[in-house]
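So the structure is just underneath, and the comments pick up after that.
Labels below follow one simple rule: chain letters A, B, ... track the order of the sequence lines, proteins then strands, and each chain is numbered from 1.
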Amino acid sequence: MEKTSDLIGKRRKKIEDLKNKKIDLFPNDFNVAHTVRDIVSSLEGVPGSGTDEDFEYVVAGRMLAINRFGKASFIRFRDRTGQLQAYIRKDKIGDKAYGLFKQLDIGDIIGIKGTMFKTKTGEWTLLAHELKLVCKSTRPLPEKFHGLKDPEKRYRRRYIDLIVNSDVRKIFIKRSKIIQAIRTFLLERDFLEVETPMMQPVPGGAEATPFITHHNALGMDLFLRIAPELYLKRLLVGGFERVFEINRSFRNEGVSSRHNPEFTMLEFYQAYATYEDLMDLTEEMFAYVTEAAAGSTTISYQGATIDMGAKWRRVSLFEALEEYGGVDANLLKDKEKLLEIAASKGIKVTKTGRLGKIITKLFDVLVEPKLIQPTFITGYPVEVSPLSRRSDQDPDLAERFELFIAGHEIANGFSELNDPSDQKDRFLQQMADREAGDQEAHLMDKDYIEALEYGMPPAAGQGIGIDRLTMLLTDSDSIREVILFPHMKPKGD
RNA sequence: GGGCCGUUAGCUCAACUAGGCAGAGCAACUGACUCUUAAUCAGUAGGUUGAAGGUUCGAUUCCUUCACGGCCCA
């Protein structure tokens, strides 16, 4: 039901014409021997004689620009490693091939055999001896100078975005490097990479609404995981003392510039470590990853300069509320007073209205946006940390931290609760909250309790949002800029 | 879910305060051109203005509803 535009129609005619000339539009017999990067690096330090008697390269790529003259043309093409200019001369490739070349379009994929020379302006250029069409493109690409700007088209047809917007390509290359660096960092520290279920009978490990799916043969509903946590900790019970998983979790919530229904998280667990050990480890990891992906430990994010290489400030939730939020720490056990403060600042408090929820809500609004430099916030109420170990000093507080950078939560870690009866009580409290109307409260996971009863070594674990970390390291203001195919509503036509 | 903004040629954008034949650049097509690089020069063609309805002699423009997107808020 698609309207055939004139441009596409013209190309189709051209394709018919080429077919009639027995030209294979989609061959797969061009043997690429070199990349643009190979060529460029082999020329380093070569002065460039301007002659064409040297080594013959065999490359392929997509044509992005053509400057045609009568009997010669300059083209610009790109492969996965970079861009290169080529010079196509009728007297070099022959009349027949030049005739074919004249019928090619920007966007076509071509193969070239040729040698390198320097143009008068000093640019290394591939002089084609042979030129072959490798894949015909039927649709016109966006304009060369402005590229594709419309965000809707960029996200829906990311492949075009990647062809014409080189900054976009760089973001996803960097994303890959970030994940690779994390993996290397953890593997070097003897962590084991694992995969745990994405379809779970009881969704756990976070406060969130899950997606529901159905297993036909078993006749049962399953839930797409909201976090891998409870399975990774079962592996601690099983004796894998250091595990990590980098993969998708799913939350059935609104879409925004910081939320995609499916997102990528790193979670890792280390036996015999505490949440304080993990703060140290996190500093090391972020310095390592930032250096590996960005080439420096200092980054620029939305105009702010952020130092990822230093030791970061550690401050308790209550102190932060006092310092950044102007909330008297003495009032933090007084629910009525806190509700007054919240109301006076126009902050809406969640349904159950438990003290811990009010405090964290106040924090989210009053403090979080102000934490630009990396900051660990510690001392969370146990009430809002149902999977965390209690502090030995204060049983109302959890041995937990969250990491904030550029005003956003980036990581959440804690010493793990491994006392099965305490864990059971926490689940029961969550179930009560759920009864009271908090639909995101954790569900009872009896199987997990049973696992704890076999004995889980003391441990600490942490989750890091990979998308948000990537946003940070690529200076992106929207999560959609770092997810190749962000969620979009289908557009009917 | 709410508020504001947007949707015009393949792409990037115009068409204003005031409703009056919908334009430009790039891309495309024809021709010239063997060192261009946002090539240049001459010419040609390209539109159901997101969809549906309304007001009007006349709607890209004003109104209503819907779809999709962006930003902000929840």
- Item | Value in whole Å for how far the P atom of G47(B) lies from CG of Leu7(A) | 10 Å

- Answer with base, sugar-phosphate or nothing: what part of the nucleic acid does Gly254(A) contact at a heavy-atom distance below 4.0 Å? nothing

- Query: Between atom CZ in Arg89(A) and atom P in U36(B), what is the gap in whole Å?
  - Reply: 14 Å

- Carboxylate-amine/guanidinium contact Glu323(A) Arg313(A), below 4.0 Å: yes

- Does any N or O in the side chain of Thr138(A) come within less than 3.5 Å of the main-chain N or O of Lys136(A), such that one atom is a donor and the other an acceptor? no

- Message: Nearest to the Phe145(A) side chain among U36(B), G10(B), A38(B), which nucleotide is it?
- Response: A38(B)

- With the side chain defined as heavy atoms from C-beta on, Ala72(A) is closest, among A27(B), U34(B), G69(B), to U34(B)

- Leu148(A) has an atom CG; how far is it from atom C1' of U7(B), in whole Å? 14 Å

- Give Lys71(A) one of three labels, base, sugar-phosphate or nothing, depending on what nucleic acid heavy atoms sit under 4.0 Å from its own. base

- Can you tell me how far C1' in C13(B) sits from the matching atom in U8(B), rounded to whole Å? 10 Å

- Message: Tell me the interatomic distance from Ile75(A), atom CD1, to U36(B), atom C1', rounded to whole angstroms.
- Response: 12 Å

- When the distance from CG of Asp91(A) to P of U34(B) is rounded to whole Å, what number comes out? 10 Å

- The answer to which of Asp477(A) and Gly70(A) contacts RNA chain B further toward the 5' end, by nearest nucleotide, is Gly70(A)

- Could you tell me how the ring of Tyr275(A) sits relative to the ring of Phe401(A): parallel (under 30°), tilted (30 to 60°) or perpendicular (over 60°)? parallel

- Task: Find the distance Asp150(A):CG to G10(B):P and express it as a whole number of Å.
- Result: 14 Å

- Query: How close or far is atom P of A14(B) from atom NZ of Lys149(A), stated in whole angstroms?
  - Reply: 10 Å

- Checking all strands, does Lys120(A) fall into the base, sugar-phosphate, or nothing category for heavy-atom contacts under 4.0 angstrom? base

- Message: Taking Asp161(A) first and then Arg157(A), would you say they form a salt bridge - that is, a charged N and a carboxylate O separated by under 4.0 Å?
- Response: no

- Query: Expressed as a whole number of Å, how far does the C1' atom of C62(B) sit from that of C26(B)?
  - Reply: 34 Å

- Task: Taking atom C1' in both A9(B) and G47(B), compute the distance separating them and give it to the nearest angstrom.
- Result: 6 Å

- Message: Assess, by modelled atom type and distance only, whether the side chains of His259(A) and Glu253(A) contain a donor and an acceptor separated by less than 3.5 Å.
- Response: no

- Can you find a heavy atom in the side chain of Arg400(A) that is under 4.5 Å from one in the side chain of Asn412(A)? yes

- Message: If you go through the side-chain atoms of Gln85(A), does one of them form a donor-acceptor pair with the base of U36(B) closer than 3.5 Å?
- Response: yes

- Which part of the nucleic acid, if any, lies within contact of Arg480(A), taking any heavy atom under 4.0 Å across all strands shown: a base, the sugar-phosphate backbone alone, or nothing? sugar-phosphate

- Task: Remember a base hit wins even if backbone is also touched, and classify Arg156(A) as base, sugar-phosphate or nothing at under 4.0 Å, heavy atoms.
- Result: sugar-phosphate

- Spacing between Arg11(A) atom CZ and C11(B) atom P, to the nearest angstrom: 13 Å

- Item | Helical stems, RNA chain B - three or more consecutive Watson-Crick or G-U wobble pairs below 3.5 Å | B:1-7 with B:67-73, B:10-13 with B:23-26, B:28-32 with B:40-44, B:50-54 with B:62-66

- Going by distance alone, is a donor N or O of one side chain under 3.5 Å from an acceptor N or O of the other, for Ser476(A) and Arg175(A)? no

- Query: When you compare U48(B) with U61(B), how far apart are their P atoms, in angstrom units rounded to a whole number?
  - Reply: 16 Å

- Query: For Phe69(A) and U34(B), is the gap between ring centres under 5.5 Å while the planes differ by less than 30°?
  - Reply: no

- Item | Span that lies between the P atom of C66(B) and that of G2(B), in whole angstrom | 10 Å

- Less than 4.0 Å between a side-chain N and a carboxylate O, is that true for Arg76(A) and Glu123(A)? yes

- Task: Check whether any side-chain heavy atom of Leu387(A) lies under 4.5 Å from a side-chain heavy atom of Phe427(A), and answer yes or no.
- Result: yes

- Looking at the rings of His34(A) and Phe55(A), which for Trp means the six-membered one, are their centres under 6.0 Å apart? yes

Which atom pairs link the protein and nucleotides 29-31 of chain B when you take only N or O atoms and keep those under 3.5 Å?
unit_1: C29(B); atom_1: OP1; unit_2: Lys14(A); atom_2: NZ; d: 2.6

Kindly give the atom pairs (protein nitrogen or oxygen, nucleotide nitrogen or oxygen) under 3.5 Å for nucleotides 23-25 of chain B.
unit_1: G25(B); atom_1: N2; unit_2: Glu143(A); atom_2: OE1; d: 3.1

- Message: Quick check on RNA chain B: between Ile66(A) and Lys153(A), whose nearest nucleotide comes earlier from the 5' end?
- Response: Lys153(A)

- Task: Sticking with atom C1', work out how far U49(B) lies from U60(B), rounded to a whole angstrom.
- Result: 5 Å

- Query: Using 30° and 60° as the class limits, which term best fits the ring planes of Phe376(A) and Trp312(A): parallel, tilted or perpendicular?
  - Reply: tilted

- Item | Candidate list Leu472(A), Ile483(A), Asn260(A), test side-chain contact (heavy atoms from CB on, under 4.5 Å), partner Asp467(A), passing option | Ile483(A)

- Item | Test: Asp438(A) and Arg354(A) ion pair at under 4.0 Å | no

- Task: Could you tell me whether the side chain of Tyr87(A) has a donor or acceptor atom within less than 3.5 Å of a complementary atom in the base of U36(B)?
- Result: no

- Message: Please report the distance separating the P of C41(B) from the corresponding atom of U36(B), rounded so that it comes out in whole Å.
- Response: 15 Å

- Side chain of Pro142(A) only, please: which of U36(B), C11(B), G69(B) is the nearest? C11(B)

